**Q** 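Below you will find the structure I want to go over with you.
All chains are named by letter (A, B, ...) in the order of the sequence lines, taking the proteins before the strands, and each is independently numbered beginning at 1. No hydrogens, no waters, no symmetry mates; every other heavy atom, side chains included, goes into these values. Bear in mind that the values here come from a model prediction, so they are computed numbers and not experimental data.
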Number of protein chains: 2
Amino acid sequence: MNLDIDRIDRKILRELQDDGRIANVDLAKRIGLSPTACLERVKRLTRDGYILGYGARLNPEKLSAGLLVFVEVLLDRTTPEVFERFKLAVTDRPEVQECHLVAGGFDYLVKARVRDMKAYRDFLAGTLLSLPGVRETHTYAVMEEVKESGTIHIPP
Amino acid sequence: MNLDIDRIDRKILRELQDDGRIANVDLAKRIGLSPTACLERVKRLTRDGYILGYGARLNPEKLSAGLLVFVEVLLDRTTPEVFERFKLAVTDRPEVQECHLVAGGFDYLVKARVRDMKAYRDFLAGTLLSLPGVRETHTYAVMEEVKESGTIHIPP
DNA sequence: CATATGGCCGGATTTTATGCGGATTTATGT
DNA sequence: ACATAAATCCGCATAAAATCCGGCCATATG
């Protein structure tokens, strides 16, 4: 499956996932290659879709997004339009970080970051509950973020 | 609250969150500042803890992590050691991307990426269920990732 | 009013990215 | 096995970017 990339490629991906702004010279030094060869590999990994992009990791606490909540949403299984409508609404709400269609007891699992409980109430009432077809929601406020790596494990 | 950063700082943060590898020269051009002044601000934002780091966004599908699952975990409320043990175990399992202590019907919400259902069964039985004090788990496999931005909204 | 402070700019210097040619290895087909 | 093609590597040269430094201007401060 992913055997078109070798041990060196995986090392590059691990390094870049950990520090996306590392200079190519330093990256090359770490993995034991010349800068040219290293850059060549990074370009190939990008072209082949292994690397999707780069981003800064920001501090939610300092940016008025200190409250993390998960919301389970159950829809009325009436029309596909209800699902479509929900997806669209959730997509352009900036406080929604993730939204997944899941198999199991409910339909959608939403992960959102808001300023505080008041902001969450506004989000719940103003966005989620005002959508047509939303039958039921369960909210889980996060008390402690035990782990938030977001990294994908790359076997050696 | 966060009014020690101005409109320009927020613009910088937005840009860097979207493209963490943008050259400082280009970033400066976008926000309408000289490269020197721009770099100064980025350094300050980093020093003051707004920017925590940088990372490459990798493609899970191509890296043997195509199955995303959420697991609700309910613990026996016996000892703090049980909680501590659970946190430690979850922290060093590489397939676990996130783990949150939540308020509500269960204790921990775990987000993990694994190769496939077989890998998930191994993870569930070999890691989660073999921990002491785990009373109950509910698994939700993700069928469709509607949104996975991971970005924090920064108001203008 | 004089001075200090902070933020910005432009130019000089160091560091990095990138393009190119050639050598070596690996894969492929006969 | 052999020849050819493709991939990968390196070192060097050049273009581009990061970083340092001095000076300018605005705002605050005594």
Side-chain angles (χ1 to χ4, degrees), chain A residues 1-59 61-64 151-156, chain B residues 1-65 151-156:
Chain A
M1 156 76 94
N2 67 344
L3 284 184
D4 13 49
I5 66 172
D6 59 16
R7 192 166 295 103
I8 299 182
D9 289 322
R10 287 194 286 271
K11 204 168 175 183
I12 290 178
L13 292 176
R14 269 196 301 273
E15 291 287 344
L16 284 179
Q17 189 170 32
D18 180 61
D19 177 9
R21 248 197 123 106
I22 187 175
N24 181 57
V25 201
D26 299 333
L27 179 59
K29 238 172 281 180
R30 273 187 199 236
I31 66 172
L33 267 176
S34 78
T36 314
C38 183
L39 188 63
E40 202 59 43
R41 280 174 179 264
V42 173
K43 278 185 178 171
R44 175 171 48 77
L45 288 169
T46 304
R47 180 168 37 78
D48 293 354
Y50 292 91
I51 299 174
L52 302 175
Y54 300 88
R57 284 188 288 269
L58 304 185
N59 188 343
E61 313 271 342
K62 306 208 68 160
L63 293 167
S64 309
T151 59
I152 294 173
H153 174 61
I154 299 168
Chain B
M1 155 80 88
N2 66 343
L3 283 184
D4 12 52
I5 66 172
D6 61 15
R7 193 168 294 104
I8 298 181
D9 288 322
R10 287 195 286 273
K11 204 166 174 185
I12 290 178
L13 292 175
R14 269 195 301 273
E15 291 288 344
L16 284 178
Q17 189 171 33
D18 180 61
D19 178 8
R21 247 196 123 104
I22 186 175
N24 180 57
V25 196
D26 299 333
L27 178 60
K29 238 173 283 180
R30 274 185 198 238
I31 65 172
L33 230 58
S34 79
T36 314
C38 183
L39 189 62
E40 202 60 42
R41 279 173 180 266
V42 173
K43 278 184 178 171
R44 174 171 51 77
L45 289 169
T46 304
R47 179 167 39 76
D48 294 352
Y50 292 90
I51 299 173
L52 301 175
Y54 300 88
R57 285 188 288 268
L58 304 185
N59 189 342
E61 312 272 340
K62 306 208 65 158
L63 293 167
S64 308
T151 58
I152 294 173
H153 174 60
I154 299 169

**Q** Please name all residues satisfying salt bridge (charged side-chain N to carboxylate O under 4.0 Å, His left out) with B/Arg21, sequence neighbours left out, ordered by chain then number.
**A**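 Scan of B/Arg21 (salt bridge (charged side-chain N to carboxylate O under 4.0 Å, His left out), adjacent residues dropped) gives none.
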**Q** Compare all side-chain heavy atoms of A/Leu52 with those of B/Leu58 and state whether any distance is below 4.5 angstrom.
**A**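 The answer is no, as the side chains (C-beta and beyond) never meet within the 4.5 Å cut-off.
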**Q** Check whether any side-chain heavy atom of A/Arg41 sits under 4.5 Å from a side-chain heavy atom of A/Leu33, and report yes or no.
**A**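 The answer is yes, as the side chains (C-beta and beyond) meet within the 4.5 Å cut-off.
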**Q** Evaluate side chain to side chain contact (heavy atoms under 4.5 Å, CB included) for A/Leu63 paired with B/Leu13, printing each intermediate quantity in order.
**A** CA-CA 10 Å; A/Leu63 293 167; B/Leu13 292 175; 3.8 Å; yes
**Q** Any chance CZ of B/Arg30 has more than 12 other-residue heavy atoms, nucleotides or ligands included, within less than 6.0 Å?
**A**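 Atom CZ in B/Arg30 is not crowded, with 12 or fewer foreign heavy atoms closer than 6.0 Å.
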**Q** For each nucleotide in nucleotides 11-16 of chain C, reading 5' to 3', give B when a protein heavy atom comes within less than 4.0 Å of its base, S when such contact involves only the sugar-phosphate, and - otherwise.
**A** B----S
**Q** Rounded to the Å, how far apart are B/Leu39 CG and C/dC9 P?
**A**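 That distance rounds to 13 Å.
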**Q** Report the residues that fulfil side chain to side chain donor-acceptor pair (under 3.5 Å) with B/Thr46, sequence neighbours left out, ordered by chain and then residue number.
**A**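 With sequence neighbours excluded, B/Thr46 shows a side chain to side chain donor-acceptor pair (under 3.5 Å) to no residue whatsoever.
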**Q** Using a 4.5 Å cut-off on heavy atoms from C-beta on, say whether the side chain of A/Asp48 contacts that of A/Ile5.
**A**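 They are not in side-chain contact.
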**Q** Give, for atom CD of A/Glu15 and atom CD1 of A/Ile154, the distance between the pair rounded to the nearest 0.5 Å.
**A**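 A/Glu15 atom CD to A/Ile154 atom CD1 measures 10.5 Å (nearest 0.5 Å).
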**Q** Rounded to whole Å, please give me the gap between CG in A/Leu33 and C1' in C/dA17.
**A**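 That distance rounds to 16 Å.
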**Q** What is the distance, to the nearest angstrom, from the CG atom on B/Asp6 to the P atom on C/dG6?
**A**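 Spelled out: CG on B/Asp6 to P on C/dG6 is 16 Å.
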**Q** Of all residues at least two apart in sequence or in a different chain, which pass the salt bridge (charged side-chain N to carboxylate O under 4.0 Å, His left out) check with A/Lys43?
**A**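 For A/Lys43, no residue satisfies salt bridge (charged side-chain N to carboxylate O under 4.0 Å, His left out) once neighbours in sequence are set aside.
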**Q** Between A/Arg44 (CZ) and D/dT8 (C1'), how many Å, whole number?
**A**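 Computing the A/Arg44:CZ to D/dT8:C1' distance gives 9 Å.
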**Q** Begin with the C-alpha distance, continue with both residues' side-chain angles, and end with the deciding distance and a verdict on side chain to side chain contact (heavy atoms under 4.5 Å, CB included) for A/Ile12 and A/Leu27.
**A** CA-CA 8 Å; A/Ile12 290 178; A/Leu27 179 59; 4.2 Å; yes
**Q** Taking for each residue the nucleotide of DNA chain D with the nearest heavy atom, is it B/Lys43 or A/Arg41 whose nucleotide lies nearer the 5' end?
**A**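 Final value for this comparison: A/Arg41.
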**Q** Could you state the CD-P distance from A/Glu40 to C/dG21, rounded to the nearest angstrom?
**A**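 Value for this atom pair: 15 Å.
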**Q** Set out, line by line, the N/O atom pairs under 3.5 Å between protein and nucleotides 27-29 of chain C.
**A**
none

**Q** For the helix from C/dC1-D/dG30 to C/dT30-D/dA1, measure the angle between the helix axis at one end and the axis at the other, each built from five pairs, rounding to 10°.
**A**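 Rounded value for the end-axis angle: 40°.
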**Q** Indicate yes or no for a side-chain donor-acceptor contact from A/Arg10 to the backbone of A/Pro156 under 3.5 Å, with no hydrogens or angles considered.
**A**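 Yes, the answer is positive, given that a donor and an acceptor are paired below the 3.5 Å cut-off.
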